[in-house]
Colleague: 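Okay, here's the structure, questions in a sec.
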There are 2 protein chains.
Amino acid sequence: MNIQQLSNETGIGVDALRIWERRYGFPAPERDTRGFRIYSAEQVDELRLVKTLLDHGRRPGKIFALSAAERRDLVAQLVTSDSTSDQGLRKLVEEGSPSRISAELTARRNELGLEAFVVDVALPLLQLLDHGWTMGRINVAREHLVSDRLEELLKRELSAEEDNGERPQVLFLTLSGERHKLGLLLAATLFKQAGVAPLWLNEELPLSEIPALADELQVAGVALSFSSHYSPRQAREDLGLLRRSLSPRIRLIAGGQSVHQLPSLKDLIISTDLQQIPQLVKRHFLHPLKG
Amino acid sequence: MNIQQLSNETGIGVDALRIWERRYGFPAPERDTRGFRIYSAEQVDELRLVKTLLDHGRRPGKIFALSAAERRDLVAQLVTSDSTSDQGLRKLVEEGSPSRISAELTARRNELGLEAFVVDVALPLLQLLDHGWTMGRINVAREHLVSDRLEELLKRELSAEEDNGERPQVLFLTLSGERHKLGLLLAATLFKQAGVAPLWLNEELPLSEIPALADELQVAGVALSFSSHYSPRQAREDLGLLRRSLSPRIRLIAGGQSVHQLPSLKDLIISTDLQQIPQLVKRHFLHPLKG
DNA sequence: ATACAACTTTGTCTAGGACAAAAATGAATA
DNA sequence: TATTCATTTTTGTCCTAGACAAAGTTGTAT
């Protein structure tokens, strides 16, 4: 695998890969006849672990000071503890066929109702996927297979017709560079359940486009999420800028890893817990004066 | 805008941008205090046009020999869909509300049937969006708003239950780094209409994961698309590698800009025309012995 | 404990060079 | 005239190595 492909697969920049080799001597790929780097499958796996550690806030200097085994242990420690006791769910993730997965998820959704499904099935499922993937228990393909079925189900819920037409509209989207959308999708589903009309924008949008769009669509709020891939600093800066350029009557809601320990900004709603979304919606959208 | 952002927006590689400046003196961006390139909005627009010309087969040497006005004229000439006579569609793109867009698209789909809808509405719509965007007529937000509604509709078609269970399964996906999925989604819809059972993977997948997945799912084929953002060179290499690592009985289908002028590989089906998908499916999937 | 200054780490940019692959050109042949 | 083949030109992706601001860490003084 060449350096460009590796960069695509891991999300680590080409320049970073080269300078790590210069400074830390790792990764040290083979070279082809032209002197071009060729990375082995083992190096790719190793770099995936490195990326996970980076996403959890460790710095390269520390990471490369560890042995491969120590890195593995550390990752195991950091990744959300694998305490999901739902064996059915685990089995589904590890070996279910696409149609089995869809069927099982749909069955659970109907049995539990949407709200309980999101909190007790969808969220644990995401954690299971995340954990299984970083530890190498399940491969990327498997992860996508499962998460795509969940996404399909949730999107269907989102686009289903509602009873009345006078709900406040809320725009759900991610900024350019933020590719993790499933968490936000869970939130959007709960928002809908709680009484708003979610408008889901699937594609990432440059910050500068948002104020005009929100204005044009006359939404009551804009909800964003920032996964661990997004630097917290950047998230804070973006949210500040967005708050200032957005009309004051439009509520701004942020969620996701990178926003958990954010010093709260003025007129910014931070949502760290899916379970509190119903209250959040009531307070900020349905009975705004009582809040 | 810095060089990395520009590269993301235009799909032109960072190295290409720098070497064009070295060789042709264009683009010649301002520099900040550190000597870093800063591209102006005009240069970004200009480079979008350049990219369009490249995608139409012109070579940089020729492109940069032209004046800005000549380039604009040439693009106007080359871009097909300005001739889309469907004024309703154009108006919808430029000023329809999300719900209006969804309603209109659904109405047309029901009126025309799926096949005609894809060919006569969805495809022209994509071209209209692409054209409007390259010429600066519509902004990113608007483009996403419209394309997301179309995506929603098509996904619903894809996940709708079919009559019988014995269709050959085909896996639809894009490789890591390829983010344009709508063209492939149109194709998948037509594949379904023509009698295969499409399995849509929404998230990009590393090449190396595909053979095992295809095997596990027992699919009859794998379909990929490569937009103009994907370098044709890379596309060819990837397809060659995939062909070699995929079980020979699994058909491999490729589509998209970057694959149009590809010297045909052995045992690779290249699909450049949506209209021919029904025949393609018949020949390769339904009556494979007659082909 | 908190604030501030000094130091260290890090990734993204810079420049210019090399070279294979693709495209264009030209010459020779059918 | 059309087709093949060899040569030349064009082109983008990789290479090395250096610079520096921004982010993170440490140490000191309040």
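All chains are named by letter (A, B, ...) in the order of the sequence lines, taking the proteins before the strands, and each is independently numbered beginning at 1. Values below: every heavy atom of this structure, side chains too, minus hydrogens, waters and symmetry copies. The shown structure was predicted, so the numbers you read here are calculated from the model rather than taken from an experiment.
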Colleague: Can you list everything that forms a ring-ring contact (aromatic ring centres under 6.0 Å, His included) with B:His180? Sequence neighbours excluded, please.
Modeller: B:His229
Colleague: Using the salt bridge (charged side-chain N to carboxylate O under 4.0 Å, His left out) rule, collect all pairs that involve residues 21-36 of chain B, keeping only residues at least two apart or in two chains.
Modeller: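 Found B:Glu21-B:Arg31, B:Glu21-B:Arg37.
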Colleague: What residues, two or more places apart in sequence or in another chain, satisfy side chain to side chain contact (heavy atoms under 4.5 Å, CB included) together with A:Gln5?
Modeller: A:Met1, A:Asn2, B:Gln234, B:Asp238
Colleague: Distance check needed: D:dC14 P versus A:Glu21 CD, whole Å only.
Modeller: 14 Å
Colleague: Do the side-chain N or O atoms of A:Tyr24 get closer than 4.0 angstrom to the phosphate oxygens (OP1, OP2) of C:dT10?
Modeller: yes
Colleague: Under the rule for side chain to side chain contact (heavy atoms under 4.5 Å, CB included), what residues qualify as partners of A:Ser247, not counting sequence neighbours?
Modeller: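 If we apply the side chain to side chain contact (heavy atoms under 4.5 Å, CB included) test to A:Ser247, skipping adjacent residues, the hits are A:Asp215, A:Arg249, A:Ile250.
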Colleague: Could you give all pairs that pass the salt bridge (charged side-chain N to carboxylate O under 4.0 Å, His left out) test and reach residues 58-78 of chain B, with sequence neighbours left out?
Modeller: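 Residue pairs passing salt bridge (charged side-chain N to carboxylate O under 4.0 Å, His left out), neighbours aside: B:Glu46-B:Arg71.
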Colleague: Mind calculating the distance between CZ (A:Arg58) and P (C:dT9) to the nearest angstrom?
Modeller: 18 Å
Colleague: When you measure from the side chain of B:Arg18, which nucleotide among D:dC14, C:dT14, D:dG12 comes out closest?
Modeller: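 Nearest to the side-chain atoms of B:Arg18, counting from C-beta on, is C:dT14.
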Colleague: Please report how far the helix from C:dA1-D:dT30 to C:dA30-D:dT1 bends, comparing the axis fitted to its first five pairs with the axis fitted to its last five, to the nearest 10 degrees.
Modeller: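 Rounded to the nearest 10 degrees, the bend comes out at 30°.
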Colleague: Send over the distance from B:Asp15 CG to C:dA15 P, rounded to a whole Å.
Modeller: 12 Å
Colleague: Give, ordered by number, those residues of residues 38-51 of chain B having at least one heavy-atom distance below 4.0 Å to an atom of DNA chain D; if nothing qualifies, reply none.
Modeller: none
Colleague: Can A:Glu203 and B:Arg179 be counted as an ion pair, charged N to O under 4.0 angstrom?
Modeller: no
Colleague: List in chain and number order the residues that pass ring-ring contact (aromatic ring centres under 6.0 Å, His included) with B:Phe26, two or more places apart in sequence or in another chain; answer none if no residue qualifies.
Modeller: B:Phe64
Colleague: Of A:Gly35 and B:Pro60, whose closest DNA chain D nucleotide lies nearer the 5' terminus?
Modeller: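 Taking each residue's closest nucleotide, the earlier one in sequence belongs to B:Pro60.
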Colleague: In this structure, how many angstroms lie between the P atom of C:dT14 and the CD atom of B:Gln4, rounded?
Modeller: 11 Å
Colleague: Report, one line per pair, each donor and acceptor closer than 3.5 Å where one atom sits in a side chain of residues 205-213 of chain A; sequence neighbours left out.
Modeller:
unit_1: A:Glu209; atom_1: OE1; unit_2: B:Ala141; atom_2: N; d: 3.0

Colleague: Can you give one letter per nucleotide of nucleotides 18-26 of chain C, 5' to 3': B if a protein heavy atom sits under 4.0 Å from the base, S if only from the sugar-phosphate, - if neither?
Modeller: -BS-SSS--
Colleague: Please tell me if A:Trp20 has a side-chain N or O lying less than 4.0 Å from either OP1 or OP2 of C:dT10.
Modeller: no
Colleague: Side chains of B:Leu201 and B:Thr174: does their closest heavy-atom pair fall under 4.5 Å?
Modeller: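 SC-SC contact between B:Leu201 and B:Thr174 ruled out.
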Colleague: Residues two or more places apart in sequence or in another chain: which of them pass side chain to side chain contact (heavy atoms under 4.5 Å, CB included) with B:Thr52?
Modeller: B:His56, B:Val75, B:Val79, B:Thr134
Colleague: In whole Å, I'd like the distance from the CD1 atom of B:Ile3 to the C1' atom of C:dA15.
Modeller: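 Rounding to the nearest Å, CD1 of B:Ile3 and C1' of C:dA15 are 12 Å apart.
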Colleague: What nucleotide among D:dG12, C:dT12, C:dC13 has an atom nearest to a side-chain atom of B:Asn2?
Modeller: C:dC13
Colleague: Quick check: closest heavy atoms across B:Ser258 and B:Ser228, and the distance to 0.1 Å?
Modeller: OG-CA, 3.8 Å
Colleague: For B:Glu143, check side chain to side chain contact (heavy atoms under 4.5 Å, CB included) against everything at least two apart and list the hits.
Modeller: B:Leu129, B:Trp133, B:Ile138
Colleague: Rounded to whole angstrom units, what separation is found between the CG atom of A:Leu53 and the P atom of C:dT10?
Modeller: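 Distance, rounded to whole Å: 13 Å.
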Colleague: Calculate the interatomic distance between A:Leu17 atom CG and C:dT12 atom P; express it in whole Å.
Modeller: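 The distance from CG of A:Leu17 to P of C:dT12 comes to 10 Å, rounded to the nearest Å.
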Colleague: How many Å lie between OH on B:Tyr230 and P on D:dG12, as a whole number?
Modeller: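 Whole-Å distance recorded here is 18 Å.
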